[in-house]
Number of protein chains: 2
Amino acid sequence: MDWDNYRLILEIHRAGSIRAAAKQMGVDHSTISRRLSKLRQYLDDTVFEKTADGIGLTPAGQELLDAARQMEMIGFTADRRSKAHSNPERYKIRLSIPPSVCSLIVDDLKNFVIGNPDIELSLDSTFSRVDLDRSEADVVVRGTDNPPDHLVGRRLFPYFLCLYGQAEYLKKTDPEDYSWIYRDYEGEKPQWLLSSPYPDAPIGIKANDIVTRHNLAAEGLGLNCGACFMADPVPNLIRLEGVLPFRWEDFWVLTHPDLRKVPAIQKLMKFLSAALTKHRDLIEGRVPNPNHGE
Amino acid sequence: MDWDNYRLILEIHRAGSIRAAAKQMGVDHSTISRRLSKLRQYLDDTVFEKTADGIGLTPAGQELLDAARQMEMIGFTADRRSKAHSNPERYKIRLSIPPSVCSLIVDDLKNFVIGNPDIELSLDSTFSRVDLDRSEADVVVRGTDNPPDHLVGRRLFPYFLCLYGQAEYLKKTDPEDYSWIYRDYEGEKPQWLLSSPYPDAPIGIKANDIVTRHNLAAEGLGLNCGACFMADPVPNLIRLEGVLPFRWEDFWVLTHPDLRKVPAIQKLMKFLSAALTKHRDLIEGRVPNPNHGE
DNA sequence: CCATATTGGTGCATATACGCACCACCCAAA
DNA sequence: TTTGGGTGGTGCGTATATGCACCAATATGG
């Protein structure tokens, strides 16, 4: 029995269909189909059964799926611990960092990469919710007030938000026609909007990505609640009259306990703390745009 | 990462060499060599290292090996539980039974197989120590006084041993020249030998297999301590004068808890108990060879 | 010292698995 | 009904992996 069959079962179950599983595994769906056929005849066809809506598992297949899940977790753990033992002369680190924070410290990052040729840094901003337990990254920079308990790292300081608008937009638009840029949301309006100078202004453009909202605001498409460290350096984005920055989530630099003692990991985390601390005043909203008063 | 690589690491480590692992896995050694090469370059060569005596593991490789061992155990467990759910219309059972016991109840076994076409019985007498935890068998018949705690099943009754010799051997050989057939042993002589009529007779032929010793004794190559149920039915094998059968180990019919409730397993275990009980008098030494008195 | 057995590695012919294209099927919305 | 997007299955040419044959290197025993 090829142990990769466990992975096959797991991926097919997760994806829900052969084609989706194939896409996930980076192979053609015919390959998955044929592998499954072989597995079925090897196991006397007691794994999957065709149901009306997709693919279901037999009780026997459920047992194999449970095993596969456990194996996956064991594999992830082994990968991390294996990395912890690996050669310190050339260490690969996958860093997950929000794009906004990344662009803030990109110069420092550049210096870090140049100054540490022994560390092969791989930036990953694609996953909003990256999972260190699943070996999707080695270090994460995240803004949150509730980091996962089992991760280790440093809490830095909070970042502050404020309300912004493009200077021309604010000047040329009738305040009656102001509209907010916000995410596609359900339920009540957020507190900062209600206590803003324009609590009755409607939600205009919706965007779920914080960077997109920032860019939309900078282009003058509405009012936006954004991070100070993103908005304040932009000359034509100014804070709304009378609104003060307010504390939002804490910045954390986190890693997995298995990797804590790896020198390269420690070095990177120390650097990230220093790089962010260097911009602490900006992040905490103490460096407002000089155009503010206009 | 192909999960079968974990099995690769495990087998190479167990076997100690690439060729031995290949033999174990039923493929050519070149295949293993090439698979390992690929794995090494995938993992930056941090798994195995060549040492003076064979193949050693790096600390990173050790982590992967530990994972592989856990995966193996999970796989075995899943296999058992998967079997427990499988189609009751055609059930495969692997029965591990000592060859001696097998030949005793072979007629009954034949009837069982004929009478239960839904059960596909696979006899396995090759492993002296078969491991149910490792999915090497589903049911075992074993003579022991200390069955593994976690297995479940029935204790039947003890089998008895006695001391035997071929009739012609006993008649034509000077008792001064009698010799014992015994296993290749270390340490003290066993108690039954010391308290036998010929405690000073030397160990002649050595054989570790109980069936071989029985056959040797039946051919007249020495005295033997054997199971009553094996020796008593043989016409020219007679008990030594004045020696009474003595209790040895209990017979057990065992299976794994995961399989206990499978109907086919229950049916087989019930049959085995009945078949052995049918020969209880013979097994407990109450059917001596009628030639005994000669 | 040589003879022998065992180790891991490699070229080559072949067997196997793969991706691509296409098929039939199903279901939902137009 | 048609249309479109989804499913799983299959023939075919090709890429990959395998088995067999060798090889060199390394013990081990006579």
Side-chain angles (χ1 to χ4, degrees), chain A residues 1-62 64-65 68 71-72 75 87 184, chain B residues 1-62 64-65 68 71 75 82 87 184:
Chain A
M1 166 89 167
D2 187 330
W3 287 10
D4 214 41
N5 285 331
Y6 289 103
R7 191 165 65 104
L8 184 71
I9 294 172
L10 186 62
E11 296 290 354
I12 292 178
H13 173 76
R14 284 232 179 92
S17 74
I18 288 184
R19 287 185 109 99
K23 196 175 178 183
Q24 185 67 27
M25 297 174 79
V27 294
D28 195 81
H29 73 100
S30 59
T31 300
I32 302 297
S33 176
R34 281 184 279 247
R35 280 191 201 167
L36 182 59
S37 296
K38 272 204 162 184
L39 179 62
R40 293 178 84 142
Q41 72 181 42
Y42 175 77
L43 293 176
D44 293 334
D45 214 344
T46 54
V47 187
F48 290 100
E49 57 190 357
K50 301 174 190 171
T51 64
D53 51 341
I55 287 183
L57 282 120
T58 64
Q62 189 69 43
L64 298 178
L65 176 64
M71 286 181 179
E72 187 189 37
N87 190 350
D184 196 9
Chain B
M1 166 88 167
D2 187 330
W3 287 11
D4 214 40
N5 284 330
Y6 290 103
R7 192 165 64 103
L8 183 71
I9 294 172
L10 186 62
E11 296 289 355
I12 292 178
H13 172 76
R14 284 232 179 92
S17 74
I18 287 184
R19 288 186 111 99
K23 198 174 177 183
Q24 186 67 28
M25 296 174 79
V27 293
D28 194 81
H29 73 100
S30 59
T31 300
I32 302 297
S33 176
R34 281 186 278 248
R35 280 190 197 167
L36 183 58
S37 296
K38 272 204 162 184
L39 179 61
R40 293 179 84 142
Q41 73 182 41
Y42 176 76
L43 294 176
D44 293 334
D45 213 345
T46 55
V47 187
F48 290 101
E49 57 190 356
K50 301 173 189 170
T51 63
D53 51 338
I55 288 183
L57 283 121
T58 63
Q62 188 71 42
L64 298 178
L65 176 63
M71 286 182 178
S82 181
N87 189 349
D184 196 9

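These values consider heavy atoms only, across backbone and side chains, with no hydrogens, waters or symmetry-generated copies. Per chain, numbering begins at 1; letters A, B, ... match sequence-line order.
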**Student:** To the nearest 0.5 Å, how far apart are CG in A:L43 and NZ in A:K38?
**Tutor:** 13.0 Å
**Student:** Give the rounded distance in Å between these two atoms: NE2 of B:H29 and P of C:dA5.
**Tutor:** 17 Å
**Student:** Does any donor atom in the side chain of A:R35 or A:T31 lie under 3.5 Å from an acceptor atom in the other side chain?
**Tutor:** no
**Student:** Distance check needed: D:dT18 C1' versus B:D4 CG, whole Å only.
**Tutor:** 14 Å
**Student:** Calculate the interatomic distance between B:I32 atom CD1 and D:dG19 atom C1'; express it in whole Å.
**Tutor:**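 In whole Å, D:dG19 C1' lies 12 Å from B:I32 CD1.
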**Student:** Return the value, rounded to whole Å, for the distance between atom CD1 of B:I18 and atom P of D:dA25.
**Tutor:**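 Rounded to whole Å, this separation is 18 Å.
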**Student:** In Å and rounded to the nearest 0.5 Å, what is the CD1 to CZ distance from A:I32 to A:R19?
**Tutor:**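 Separation between the atoms: 12.0 Å.
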**Student:** Checking only heavy atoms, does the side chain of B:R19 share a donor-acceptor pair with the base of C:dG8 at less than 3.5 Å?
**Tutor:**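 Side chain to base: pair present.
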**Student:** Please confirm whether any donor atom in the side chain of A:R34 sits under 3.5 Å from an acceptor in the base of D:dG9, or the reverse.
**Tutor:** no
**Student:** Let's go through A:D2 and A:L8 carefully: what are the C-alpha distance in whole Å and the side-chain angles of both, what is the deciding distance for side-chain contact (heavy atoms from CB on, under 4.5 Å) to 0.1 Å, and is it a yes or a no?
**Tutor:** CA-CA 10 Å; A:D2 187 330; A:L8 184 71; over 6 Å; no
**Student:** Quick one: is C:dG9 close enough that its OP1 or OP2 comes under 4.0 Å of any side-chain N or O from B:S30?
**Tutor:** no
**Student:** Within the pair B:S33 and C:dG8, is there a side-chain N or O less than 4.0 Å away from OP1 or OP2?
**Tutor:** no
**Student:** Round to a whole Å and report the spacing from CG of A:N5 to P of C:dA17.
**Tutor:** 11 Å
**Student:** So which nucleotide from C:dC20, C:dG9, D:dG8 ends up closest to the side chain of A:D28?
**Tutor:**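 My answer, after comparing the listed nucleotides, is C:dC20.
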**Student:** Roughly how far, to the nearest 0.5 Å, is the CE atom of B:M71 from the CG atom of B:D4?
**Tutor:** 10.5 Å
**Student:** Which atom pairs link the protein and nucleotides 14-17 of chain D when you take only N or O atoms and keep those under 3.5 Å?
**Tutor:**
| residue | atom | partner | partner atom | Å |
| --- | --- | --- | --- | --- |
| D:dA17 | OP1 | B:K38 | NZ | 2.5 |
| D:dA17 | OP2 | B:K38 | NZ | 3.0 |

**Student:** For the pair made of CE in B:M25 and C1' in D:dG19, what is the distance, rounded to whole Å?
**Tutor:** 15 Å
**Student:** Passes side-chain contact (heavy atoms from CB on, under 4.5 Å), A:W3 versus B:L10? Steps please.
**Tutor:** CA-CA 12 Å; A:W3 287 10; B:L10 186 62; 3.9 Å; yes
**Student:** Checking salt bridge (Lys or Arg N to Asp or Glu O under 4.0 Å) for the pair A:E72/A:R14: CA distance, chi angles, key distance, verdict?
**Tutor:** CA-CA 13 Å; A:E72 187 189 37; A:R14 284 232 179 92; 2.7 Å; yes
